[in-house]
Amino acid sequence: MTVTAAQNPAEAGAPVPAVVRQSTPRHYLMCRPTYFDVVYEINPWMHADVAVDQELVMAQWENLRTTYTELGHRVDVIEGVPGLPDMVFAANGATVVDGKALGSSFHYPQRRAEAAHYNAWLREHGFEVTEAVAVNEGEGDFLTVGPRVLAASGFRSDPSWHAELAAVTGREVVSLKLVDPRFYHIDTALTVLDDDAIAYLPEAFSPASQATLEAYPGAIHVSAEDAAVFGLNSVSDGRNVFVAAQATGFIEQLRAAGYVPIPIDLSELLKGGGGIKCCTLELRPAPEAA
Ligand code: ARG
């Protein structure tokens, strides 16, 4: 949602960007990284011989959590489970739209047991959960843009999941294909900034998907350098964009477009091939409760 400066008298007289972005409060689920580690390699970022600094990962994760709450968002926390080092990447735990959840079904056996923990947490907290049929890694491969849904396949989620998503969410699903193994989930290659605004790395998508994405007016194309530090693994509330501190070019692009970049350093989690968005599952409420 955007409001022009002329419509916002509070900004009159002050130097303002062309548009004033509005934030809306969100509800997130995050998983504490108590058992985070890199002990297997299922994406090109993971190297099992690189040690994780447990104290630093906890401090970086805690900084993200408190930054969300300080900016008015609600964050619930699911505790990690021993033996599930990637459970910290909550975005993969489920897909939640309009208060309805669709469970995940992980591609790699190392992560499969996570799904039941997320489903149990969601049920305990009042969400209706539909068990997944097709392989899918939840919100890692799924993003809402206004009333629509962008869903990816290519590395993790099966394309047949897109029909399941449409059935459970009742939303129009736009299917996209990822082609670069470094950007194996859609949330590493595309950020939703607002109901009608996206930023992405074109070459992470197939030519047909690039053509589909070109239909989004005013989309920000992000550089390969910024994508390679997980700049696109960002979370936006419509105004504040929680973005990898290392993605300096993207941070400038966001500022120029009237967003407020909130740089966050999750360098320890990048060792697992994840970042800000990967650690964040958005729990979108039922419309009447919104
Ligand atoms: N190590 C995890 C995996 O490869 C990282 C998941 C990142 N999550 C995401 N939403 N992109 O499955």
Side-chain angles (χ1 to χ4, degrees), residues 28-52 57 60-61 64 78 80-81 83-96 102-115 117-118 132 135-144 149-158 161 165 176 178-192 199-201 204-205 222 227-236 242-244 247 264 266-283:
Y28 300 128
L29 178 62
M30 294 177 67
C31 176
R32 206 183 309 279
T34 315
Y35 304 102
F36 172 66
D37 206 348
V38 182
V39 293
Y40 50 77
E41 299 177 2
I42 58 171
N43 68 54
W45 306 89
M46 299 176 86
H47 301 290
D49 53 349
V50 172
V52 168
V57 78
Q60 291 180 337
W61 179 90
L64 175 62
I78 179 173
V81 171
L84 296 176
D86 274 338
M87 194 171 158
V88 63
F89 300 117
N92 299 126
T95 299
V96 184
L102 176 60
S104 292
S105 168
F106 286 83
H107 178 80
Y108 287 108
Q110 292 94 329
R111 297 198 64 188
R112 283 193 193 137
E114 293 177 33
H117 295 286
Y118 280 98
V135 168
N136 84 82
E137 298 200 348
E139 207 173 83
D141 270 334
F142 159 99
L143 297 165
T144 53
V149 165
L150 303 181
S153 63
F155 295 100
R156 301 292 182 90
S157 301
D158 192 276
W161 170 56
L165 263 178
L176 300 169
L178 296 164
V179 296
D180 182 332
R182 291 174 305 152
F183 306 111
Y184 54 93
H185 281 137
I186 194 171
D187 68 0
T188 65
L190 191 149
T191 298
V192 177
Y200 66 104
L201 177 70
F205 294 89
V222 169
V229 288
F230 266 35
L232 285 162
N233 199 243
S234 296
V235 169
S236 172
F242 305 86
V243 55
I264 302 278
L266 286 190
S267 59
E268 283 307 295
L269 286 149
L270 190 55
K271 293 177 178 172
I276 296 166
K277 177 66 191 71
C278 301
C279 291
T280 312
L281 175 64
E282 185 164 352
L283 304 177

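Numbering of ligands and ligand atoms starts at 1, following listing order.
- Considering backbone and side-chain N/O of N233, none are found under 3.5 Å from N/O of ligand 1.
- Note on ligand 1: Y108 sits outside its first shell, no heavy atom being nearer than 4.0 Å.
- Contacts with ligand 1 closer than 4.0 Å are made by side-chain heavy atoms of M46 only, the backbone lying farther away.
- Between the side chains of E114 and S104, no donor-acceptor pair of N or O atoms lies under 3.5 Å.
- Closest protein heavy atom to atom 8 (N) of ligand 1: N92 OD1, 2.9 Å.
- For the residues R111, Q110, E114, E137, the heavy atom positioned nearest atom 12 (O) of ligand 1 is part of R111.
- Any N or O atom pair closer than 3.5 Å counts here, and C278 shares no such pair with ligand 1.
- Looking only at heavy atoms of the protein, atom 10 (N) of ligand 1 is closest to D187 OD2, 2.7 Å.
- In the model, N92 has no side-chain atom that pairs as donor or acceptor with a side-chain atom of Y118 under 3.5 Å.
- Protein heavy atom closest to atom 2 (C) of ligand 1, with residue, atom name and distance, is D86 OD2, 3.4 Å.
- Within the structure, the closest approach of R156 to ligand 1 falls below 4.0 Å when heavy atoms are considered.
- Taking the six-membered ring wherever Trp is involved, the centroid distance between the rings of W61 and F36 does not fall below 6.0 Å.
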